[in-house]
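So you know, we letter chains A, B, ... as the sequences are listed, proteins then strands, and number each from 1.
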Amino acid sequence: MNNQKYLDSLKNKTLFLQGDEAAAYGALFAGCNFFAGYPITPASEIAELMSRELPKSGGYYIQMEDEIASIGAVIGAVWSGGKSMTATSGPGFSLMQENIGYACMTESPCVIVDVQRSGPSTGQATKGAQGDVLQARWGTHGDHEMIALSPWSSQESFDLMIEAFNLSEKYRNPVIFLLDGEVGHIREKVVFPDINELNIYQRNISLEKIDVFGGQRIPPMIEFGMGQRIHVTGSTHKSNGMRDVSSMEAHDTLIRRIYDKISSNRNEIAHFETHYIDNMDYLAVSYGAAARPTMGAVLKLRERGIKIGFLRLITIWPFPIDICTELGKRTKKIFVPEMNLGQVSREIERFVNCPVESVSKIGGISHTIDEITNYISANI
Amino acid sequence: MNNQKYLDSLKNKTLFLQGDEAAAYGALFAGCNFFAGYPITPASEIAELMSRELPKSGGYYIQMEDEIASIGAVIGAVWSGGKSMTATSGPGFSLMQENIGYACMTESPCVIVDVQRSGPSTGQATKGAQGDVLQARWGTHGDHEMIALSPWSSQESFDLMIEAFNLSEKYRNPVIFLLDGEVGHIREKVVFPDINELNIYQRNISLEKIDVFGGQRIPPMIEFGMGQRIHVTGSTHKSNGMRDVSSMEAHDTLIRRIYDKISSNRNEIAHFETHYIDNMDYLAVSYGAAARPTMGAVLKLRERGIKIGFLRLITIWPFPIDICTELGKRTKKIFVPEMNLGQVSREIERFVNCPVESVSKIGGISHTIDEITNYISANI
Amino acid sequence: MGIKRKKIEIEIDERLCKGCDICVILCSEKVFTISKKINSNGYYVPIPSNIENCNGCLICELICPELAVILEKTELDELVAL
Amino acid sequence: MGIKRKKIEIEIDERLCKGCDICVILCSEKVFTISKKINSNGYYVPIPSNIENCNGCLICELICPELAVILEKTELDELVAL
Amino acid sequence: MENKYVKYLRNETLPTEFCVGCGCGTVLNLFCHVIDEMQINPDDIITVTGIGCSSWIPSPYFSADTLHTTHGRAIAFATGVKVMKPGKHVIVIAGDGDLAGIGGNHLIHAARRNIGLTVFLVNNYIYGMTGGQVSPTTPSTVNTATTPYGNVEQPMQIAELVAAAGASYVARWTTYHVFHLKKAMKEAISKKGFSFIEICSQCPTSYGKRVGKREGIDQLLDFKENSMNIQNVSGMREDELEGKYIVGKLVERNRLEFVDGLLNINAQFAEGVR
Amino acid sequence: MENKYVKYLRNETLPTEFCVGCGCGTVLNLFCHVIDEMQINPDDIITVTGIGCSSWIPSPYFSADTLHTTHGRAIAFATGVKVMKPGKHVIVIAGDGDLAGIGGNHLIHAARRNIGLTVFLVNNYIYGMTGGQVSPTTPSTVNTATTPYGNVEQPMQIAELVAAAGASYVARWTTYHVFHLKKAMKEAISKKGFSFIEICSQCPTSYGKRVGKREGIDQLLDFKENSMNIQNVSGMREDELEGKYIVGKLVERNRLEFVDGLLNINAQFAEGVR
Amino acid sequence: MNIRFSGFGGQGIILSGVILGWAAVLDGKNAIQTQSYGSSARGGSCKCDVIIQESAIYELEPEHNDILITFSQPSYNAFIKSLKEGGHLFYDSDLVTVDTNEFPCNSIPATDIAFKEFKQKIYANMLMLGFLAEKIRFIGFRAIEKSISQYVPTKTIEMNIAAFRMGIDLAK
Amino acid sequence: MNIRFSGFGGQGIILSGVILGWAAVLDGKNAIQTQSYGSSARGGSCKCDVIIQESAIYELEPEHNDILITFSQPSYNAFIKSLKEGGHLFYDSDLVTVDTNEFPCNSIPATDIAFKEFKQKIYANMLMLGFLAEKIRFIGFRAIEKSISQYVPTKTIEMNIAAFRMGIDLAK
Ligand SMILES: Cc1ncc(C[n+]2csc(CCOP(=O)(O)OP(=O)(O)O)c2C)c(N)n1
Ligand SMILES: Cc1ncc(C[n+]2csc(CCOP(=O)(O)OP(=O)(O)O)c2C)c(N)n1
Ligand code: SF4
Ligand code: SF4
Ligand code: SF4
Ligand code: SF4
Ligand code: SF4
Ligand code: SF4
Ligand SMILES: [Mg+2]
Ligand SMILES: [Mg+2]
């Protein structure tokens with residue numbers, strides 16, 4: 001079976017899938033043909049599904065000796081024409097940080113799934129969390145930007161994974177797919193689309209020898225083996241890829257371009273969903289697993305006559321600054337239910353002048369609707 | 001030679017030392033008796049000095065096979081009674097992240113030096129930078145707090161390293177020593193103190209079997225081999241150290257305590273230096289290498305009659321929130337010269353309502369006094 | 001001269017045993033039999049029903065994954081006519 | 001029947017040579033001599049002063065760390081009386 | 001009656017959480033016997049381990065100072081322990097994935113460095129704790145959770161590799177060979193320098209069931225029937241050895257122990273020789 | 001005249017930045033010869049490397065597709081390359097610290113997996129680029145920047161280790177043995193499966209000067225005088241071999257190449273056999 | 001409606017929940033299913049939760065269940081507190097002893113029947129599912145049967161459906 | 001005052017800077033010294049900067065130098081632009097050809113003299129340091145000699161100081 005045939009065989013199917021599994025299928029629909037990974041709870045389901053399905057669609061699954069090797073192989077595959085990804089959880093995500101920076105620096109498109117579990121360190125390995133949100137942005141050394149997406153359901157996990165690949169190809173940047181152990185493990189209905197109707201971003205590959213690392217904000221890529229004899233390096237390089245480790249200008253030009261290509265397209269990359277924001281006194285902001293009981297709580301509070309709006313972030317990085325700034329002006333207080341000790345709430349503080357209150361819950365179990373409802377009721 | 005004799009032999013000496021070397025001597029004065037590391041520019045000087053000096057003072061130097069092993073050995077040594085440290089730069093610091101989280105989770109006091117170089121990735125290996133400031137806070141997965149210090153001279157590198165060990169022992173937390181390649185490599189005069197007049201925090205060791213992981217905000221430690229048969233784990237644990245990976249309460253109690261022991265002592269940990277803040281219209285905030293030309297610029301601007309104050313951060317994490325909040329109320333604008341694309345400036349934004357402007361410079365060379373002076377003059 | 005006679009006692013710790021039957025199958029003397037009764041933990045704890053056959057080889061005690069086999073040898077001195 | 005005579009030309013690339021003298025010392029036929037003159041890069045480039053002694057072993061060309069030894073063998077057919 | 005070895009365990013953690021018939025329990029059992037027979041005070045033992053089922057042997061079960069580290073890093077942590085506590089028995093017990101998969105580099109370098117650790121690697125041929133993904137020791141062609149169409153990699157011969165890396169003592173035994181294994185464990189603990197035993201062990205839940213051996217005993221019988229002593233295999237072809245467990249002692253030799261090396265230097269300074 | 005092998009290099013990067021007399025240049029030189037003699041089009045080569053002086057052989061000098069990765073990870077990256085480009089020659093050239101120090105785990109696992117990479121490890125017995133710290137291959141007792149009182153560790157026998165890990169082809173030669181090394185490089189490139197050459201190389205700047213061999217030629221002469229062919233060392237004692245360079249071919253064998261294994265499975269699906 | 005299946009690993013607990021959840025979806029409802037699994041303790045207790053609603057499901061981990069199905073004493077002990085007031089308890093009467101009369105109870109010796117009727121204990125879960133389906137009648141039998149045939153190995157579909165139907169009969 | 005020493009690795013460039021910086025400190029001034037080193041290119045050009053001031057030193061990397069000392073053509077080429085207007089150039093006359101007359105120039109064939117007088121080229125740096133010290137007279141000779149004896153191997157102190165003093169004499 002080749003990829004087209006394989007995807008046709010899945011066309012319009014409805015399945016009962018875990019968020020992890022849905023993400024893996026999303027990747028297959030996006031054209032992923034290379035997966036390298038290392039088992040870890042609660043992300044192993046992605047690897048297992050990929051090991052089963054990739055050979056059917058003509059792709060390759062490898063289990064590497066660790067997570068560092070996994071992300072390494074993923075990047076190697078990218079430059080060899082692959083659409084590639086890995087999946088892990090916090091401990092593995094920490095180990096990958098050095099090479100995630102390499103992917104930023106070499107502008108290698110790839111998707112890294114972090115199914116967040118209760119940390120730090122080994123923590124509670126089978127419990128979900130949202131504790132890696134700021135790590136996704138700042139985990140590697142040096143200045144860089146990052147794209148990170150966080151779905152709240154199995155269906156969105158599928159859909160957003162396609163978007164993750166598209167963004168990574170379009171912006172030539174790694175994309176962090178911030179699942180959490182809860183969304184990763186709930187089984188829900190997922191409807192597959194028809195692959196022919198999907199919008200899959202095709203990698204911009206140059207067959208001629210051109211500047212692959214500059215000259216334009218997002219240069220085209222090449223593929224190894226086509227005769228361009230390209231030089232790819234994580235050291236500072238000129239637009240032709242050749243190392244330049246002494247000139248300040250080379251570094252400044254490269255890093256600012258890599259930074260700006262994301263930050264200046266913030267609004268194009270930033271996805272979110274709003275509810276009841278036209279007529280609100282308060283605002284709830286949430287994402288991923290925590291967004292579900294938050295939505296439930298918003299509905300309940302509205303029923304009780306409390307004018308609360310809801311902003312659900314889908315893109316976490318680059319941070320949807322504009323909508324936050326705007327809504328911040330129209331609310332008395334912002335509540336941010338998160339399964340961490342307040343990470344997105346910190347970011348919001350940068351852009352608003354109203355009080356921002358983290359409604360944090362840790363320990364592996366997402367908020368109940370009542371917990372959020374009661375907290376907000378008591379603190380408005 | 002034992003440690004006391006060794007330190008006596010250095011008493012009141014004046015030397016011409018690189019920031020790196022001064023940090024290493026500081027560690028020796030603080031009682032460091034174990035160093036495990038892996039060479040990397042621009043941090044290797046620390047390892048080299050330690051390999052030369054530790055055996056003289058009865059301590060141990062090991063070069064491990066990589067940075068992951070280095071931080072591992074450091075933590076192993078801590079629980080075996082060592083005062084221990086490692087030193088690296090961005091790439092190695094990224095690799096250490098998983099086990100830095102382990103050190104937070106197990107409350108293992110140790111010092112990790114990151115001599116920041118121009119990143120991301122391999123970047124410009126011999127050039128200095130301040131690009132790992134937010135990584136120091138958020139590099140590992142899961143919720144945690146962090147202590148990070150950043151000296152601006154060789155002398156301060158020496159003095160602050162002693163403080164780094166003291167804080168790490170007192171708060172039972174890893175301390176990140178955020179040197180930068182510039183301060184790490186300038187050679188300046190350093191005066192050693194008399195060890196007998198120094199305030200060295202002695203580890204609080206319990207010889208009885210007690211709760212080493214709870215019961216009080218900062219519990220005492222034990223040392224392996226004394227018969228307590230302690231259980232140390234990076235998994236969520238009860239106050240006696242035994243793993244509990246299913247109870248929400250166990251996780252919540254542990255993580256919030258580990259978090260609060262730092263954040264609630266923020267003002268005790270936070271060191272900074274202020275100049276001309278009593279009478280100011282503008283404020284400059286800086287730290288590490290960038291603080292030096294900033295100080296020069298502030299002096300120059302003052303000469304020109306511009307009322308600018310200067311806040312030099314010495315502690316970066318926990319962030320000195322109170323002084324920022326207070327000064328933020330008394331200034332029209334805050335300028336933050338940093339050798340990155342704006343990292344501390346982001347944090348300041350959280351606490352002030354005035355505009356915060358990053359005066360960033362990347363590419364390995366710190367700002368000149370004129371650059372900062374001119375920038376501020378043009379933007380007030 | 002004395003020849004040593006050994007008295008062997010075998011018991012299985014109900015709290016620890018998980019009924020894997022490794023002792024049952026590996027005992028060359030068929031000392032254990034499989035129980036028909038489930039215990040409070042939900043396991044079928046073997047019964048050392050033929051202790052008299054035991055040759056004291058200790059395999060059961062050493063190989064039990066739950067340290068559930070308790071085997072005690074008591075050595076009794078005895079005079080034997082040559 | 002022809003016996004092949006080889007004509008060997010040796011040159012050292014001034015741009016590349018760093019004067020490590022490895023070729024000078026390892027050539028068993030002492031073909032190279034150490035130069036007394038520094039070149040524009042600051043190196044003493046050897047001189048292939050005894051090319052006629054060269055046995056064509058190729059060591060110099062293969063071992064030069066700078067690919068600076070240029071060695072060309074031209075094979076000339078020649079009739080030789082047996 | 002109570003099993004007299006249970007006193008070496010943290011009683012409140014019993015019964016173990018290992019699956020029924022898991023070989024980890026046998027290793028734990030034998031380890032208790034060894035400590036008892038060697039009359040080692042557990043206060044003089046520091047166990048260090050990683051993440052995985054096998055890592056639970058010391059953490060939490062065996063009652064000694066215990067450092068339960070991150071996945072793959074036990075030997076690195078143990079290195080710091082041994083340097084600061086050279087007089088203690090520093091014993092690492094963990095799995096194939098942990099010590100030879102993600103942690104393989106620490107393993108070979110510790111062996112090379114010849115630091116005086118004792119390492120018991122419990123090789124159950126699989127990633128047990130995470131539910132049965134292929135490990136570096138999974139035999140070729142076996143189907144696992146991540147090799148649904150058969151493993152195309154070759155299994156690592158860990159003991160041979162550690163021997164090549166420079167260890168002072170290397171052996172391989174299975175959980176079936178309780179007497180040999182017990183003896184080897186004693187030798188390893190007594191040996192100065194880096195000592196290592198690869199213990200082939202059954203994992204009915206995550207591995208056995210994938211090779212038609214659903215109960216612990218099934219794999220034990222396989223060990224029994226298919227083991228060959230290393231002394232008898234020289235000259236045999238690779239294919240003849242397939243499916244065999246090569247047991248026995250691979251290496252025993254004397255080299256400078258690493259911490260001794262460090263201590264020598266320090267002693268020279270202490271004595272003013274340097 | 002121009003050296004006809006210079007065309008294999010990125011001309012604008014010459015002269016190299018290697019120190020005077022550095023062995024890396026010789027490896028580069030021989031590599032050009034090999035490619036020329038094998039008539040391989042450099043467009044069919046993908047070089048992958050790490051961080052270190054030796055890594056500069058492919059990056060930037062040799063003109064082919066070049067992936068200059070992070071320190072120690074070249075083989076991991078190369079694995080992704082080879083899987084996606086099985087028809088290309090994927091060649092890894094890097095240092096002892098890079099491939100066998102920090103990167104040792106990738107090395108042994110790639111060897112075990114038998115993925116069709118060609119690896120040339122330039123062993124200069126030191127961390128050259130960072131200025132002369134002890135490496136896993138630094139001989140015992142040598143003083144380096146981080147072993148000022150002598151190295152107390154034992155050097156890794158990399159070739160032996162890689163052989164034990166399962167590689168298809170393993171050899172060791174020195175930069176002095178230009179003809180043998182050239183031949184071995186050809187064999188390694190031709191060999192299906194994981195092939196590996198440990199190349200003992202001089203580093204006058206960071207290593208040689210610490211052992212009284214300040215010029216490149218001094219170490220070359222040491223290689224010349226102290227090398228022994230592996231065929232002649234069997235039965236010799238460890239101490240007799242001290243200071244010797246054991247050169248020759250250690251292993252050549254045929255095993256299933258990893259990517260072939262993957263391709264077989266995919267082919268079965270493509271052909272509907274599965 | 002929040003339903004929790006519980007018991008030992010290996011009793012088909014999770015499969016029951018997945019089948020029920022998917023059946024609910026086939027029946028046009030919203031459903032999510034979650035499961036908890038121990039790390040190494042494969043023999044320990046395990047649970048599988050299913051939430052079924054007409055409206056969108058926002059809560060992922062409900063505090064209380066409407067229905068608890070249990071196949072082992074330890075899991076009964078662990079989860080009986082999670083049952084809502086007025087919630088329904090289902091259990092295997094051979095394996096669980098109930099020590100409360102707070103809740104409406106429904107039990108069959110499912111494991112024993114499975115072993116006797118189908119020669120394998122593993123069919124106990126489908127027996128119980130049929131029993132539950134008939135007692136509660138919230139999901140159509142057709143949907144459940146369709147779900148069963150999608151989730152069990154092809155060779156065992158018939159047997160599983162037979163067990164399911166026997167469960168229904170036992171409830172009548 | 002900003003002083004830059006430059007040349008090839010191995011010419012003792014960095015040592016010169018360190019000695020001078022430390023001498024300034026011994027002389028009661030503030031001084032910082034920095035150096036740049038290539039990654040692998042040990043033979044390439046290298047530089048060493050010293051800043052000496054009465055007041056506290058806040059600038060770490062000055063854009064312009066008051067004094068440039070150079071021991072090789074490539075480093076001369078690279079750094080001549082960094083010299084301030086009116087700055088002083090010092091160089092080894094055998095190794096460097098100067099192509100500008102913008103600056104006051106001072107040169108001696110230091111390497112050659114060192115080889116002839118002290119049998120080792122390595123003393124060129126101390127010759128130049130003495131030459132510089134006498135020409136500029138900003139740091140006391142005593143301080144410099146003390147600094148030399150702290151930084152060079154004990155066995156070579158005498159020779160180094162002799163070279164330094166010869167440098168002074170050459171400048172007179
Ligand atoms: C960095 C990291 N990666 C992955 C994991 C997930 N993980 C936990 S245990 C394990 C493997 C266990 O296998 P093994 O070491 O063989 O031990 P076993 O359970 O088989 O005894 C893995 C991959 C982790 N905890 N940390
Ligand atoms: C993660 C990381 N750690 C450390 C370094 C610093 N570093 C650069 S090259 C190198 C070692 C080089 O030694 P080797 O691999 O033997 O190569 P050589 O220079 O000797 O050829 C090191 C440690 C780095 N770049 N990245
Ligand atoms: S071997 Fe142990 S656990 Fe297994 S049945 Fe026998 S006593 Fe019970
Ligand atoms: S000691 Fe030996 S013979 Fe006796 S019961 Fe145990 S296994 Fe059987
Ligand atoms: S070997 Fe090459 S670089 Fe060295 S001297 Fe000869 S030609 Fe020059
Ligand atoms: S080819 Fe051989 S003989 Fe001729 S110059 Fe070169 S090394 Fe000497
Ligand atoms: S999964 Fe395997 S190794 Fe883990 S406890 Fe169960 S049987 Fe033992
Ligand atoms: S430091 Fe050593 S390996 Fe690096 S270029 Fe110089 S001689 Fe070669
Ligand atoms: Mg295992
Ligand atoms: Mg090296």
Side-chain angles (χ1 to χ4, degrees), chain D residues 6-52 54-76, chain F residues 1-34 36-37 53-54 56-57 61-62 122 174-183 185 201-205 208 214-221 223-224:
Chain D
K6 292 175 184 148
K7 184 172 158 265
I8 297 183
E9 288 178 88
I10 301 179
E11 211 176 87
I12 294 193
D13 188 330
E14 278 255 351
R15 178 175 73 116
L16 302 182
C17 172
K18 289 204 194 121
C20 69
D21 290 346
I22 287 175
C23 56
V24 179
I25 294 165
L26 288 186
C27 171
S28 56
E29 312 302 328
K30 310 233 170 294
V31 169
F32 303 95
T33 47
I34 299 183
S35 158
K36 304 237 137 53
K37 230 185 66 228
I38 210 165
N39 78 350
S40 62
N41 293 335
Y43 299 116
Y44 296 84
V45 178
I47 305 156
S49 41
N50 311 308
I51 301 191
E52 59 287 358
C54 172
N55 63 18
C57 76
L58 283 182
I59 285 183
C60 57
E61 195 213 79
L62 286 167
I63 208 163
C64 169
E66 302 295 334
L67 287 84
V69 177
I70 310 166
L71 197 145
E72 266 178 33
K73 292 190 201 178
T74 325
E75 305 201 341
L76 308 165
Chain F
M1 294 201 299
E2 229 218 2
N3 181 320
K4 68 174 184 168
Y5 304 98
V6 167
K7 69 165 182 274
Y8 292 103
L9 307 183
R10 292 189 173 95
N11 196 45
E12 71 276 19
T13 61
L14 301 179
T16 75
E17 291 194 47
F18 296 129
C19 304
V20 174
C22 171
C24 292
T26 302
V27 176
L28 176 64
N29 188 347
L30 290 172
F31 186 51
C32 294
H33 276 80
V34 163
D36 193 74
E37 290 175 21
C53 298
S54 321
W56 287 39
I57 295 168
Y61 303 119
F62 190 83
V122 181
T174 81
T175 43
Y176 174 77
H177 298 90
V178 284
F179 299 104
H180 293 94
L181 178 51
K182 183 152 68 75
K183 176 156 172 276
M185 287 169 107
S201 175
Q202 72 274 24
C203 165
T205 304
R214 301 197 156 260
E215 310 291 335
I217 183 70
D218 301 336
Q219 276 188 272
L220 282 172
L221 294 174
F223 294 153
K224 177 180 178 183

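Residues passing the ring-ring contact (aromatic ring centres under 6.0 Å, His included) test with F/F62, sequence neighbours excluded: F/F31.
Remark: D/E11 CD is packed, more than 12 non-hydrogen atoms of other residues, nucleotides or ligands lying under 6.0 Å away. The environment of NZ in F/K224 is sparse: at most 12 heavy-atom neighbours from other residues, nucleotides or ligands sit within 6.0 Å. For D/K73, the NZ atom is densely surrounded, since the number of other residues' heavy atoms within 6.0 Å is greater than 12.
Using a 4.5 Å cut-off between heavy atoms, F/K182 contacts chain D through its side chain alone, with no backbone atom that close. Neither the backbone nor the side chain of F/Q219 comes within contact range of chain D; no heavy atom of the residue lies under 4.5 Å from a heavy atom of that chain. Proximity to chain F is absent for every atom of D/L71, based on heavy atoms less than 4.5 angstrom apart. Of the atoms belonging to F/C24, not a single heavy atom falls under 4.5 Å from chain D. Heavy atoms of D/I10 lying under 4.5 Å from chain F belong exclusively to its backbone.
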Worksheet item: Can you list the steps and then say if D/L16 with F/N3 is a side-chain contact (heavy atoms from CB on, under 4.5 Å)?
Response: CA-CA 10 Å; D/L16 302 182; F/N3 181 320; 5.6 Å; no
Fill in: Stepwise side-chain contact (heavy atoms from CB on, under 4.5 Å) check, D/E61 with F/H33
CA-CA 10 Å; D/E61 195 213 79; F/H33 276 80; 2.3 Å; yes
Can you give me every donor-acceptor pair (side chain of residues 19-33 of chain D, partner residue at least two apart or in another chain, under 3.5 Å) with its distance?
from  : atom 1 : to    : atom 2 : distance (Å)
D/E29 : OE2    : D/N55 : ND2    : 2.9
D/T33 : OG1    : D/I47 : O      : 3.4
D/T33 : OG1    : D/S49 : OG     : 2.8

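The main-chain N or O of D/P65 is never found under 3.5 Å from a side-chain atom of F/N29 such that the two would form a donor-acceptor pair. Using a distance-only test at 3.5 Å, with no hydrogens or angles considered, no donor-acceptor pair links the side chain of D/K18 to the main chain of F/C22.
Applying side chain to side chain contact (heavy atoms under 4.5 Å, CB included) to D/I63 and the options F/T175, F/L181, F/L220, F/L30 leaves one that passes, F/L220.
Here the closest heavy-atom approach between residue D/E66 and residue F/C19 is recorded as OE2-O, 4.4 Å.
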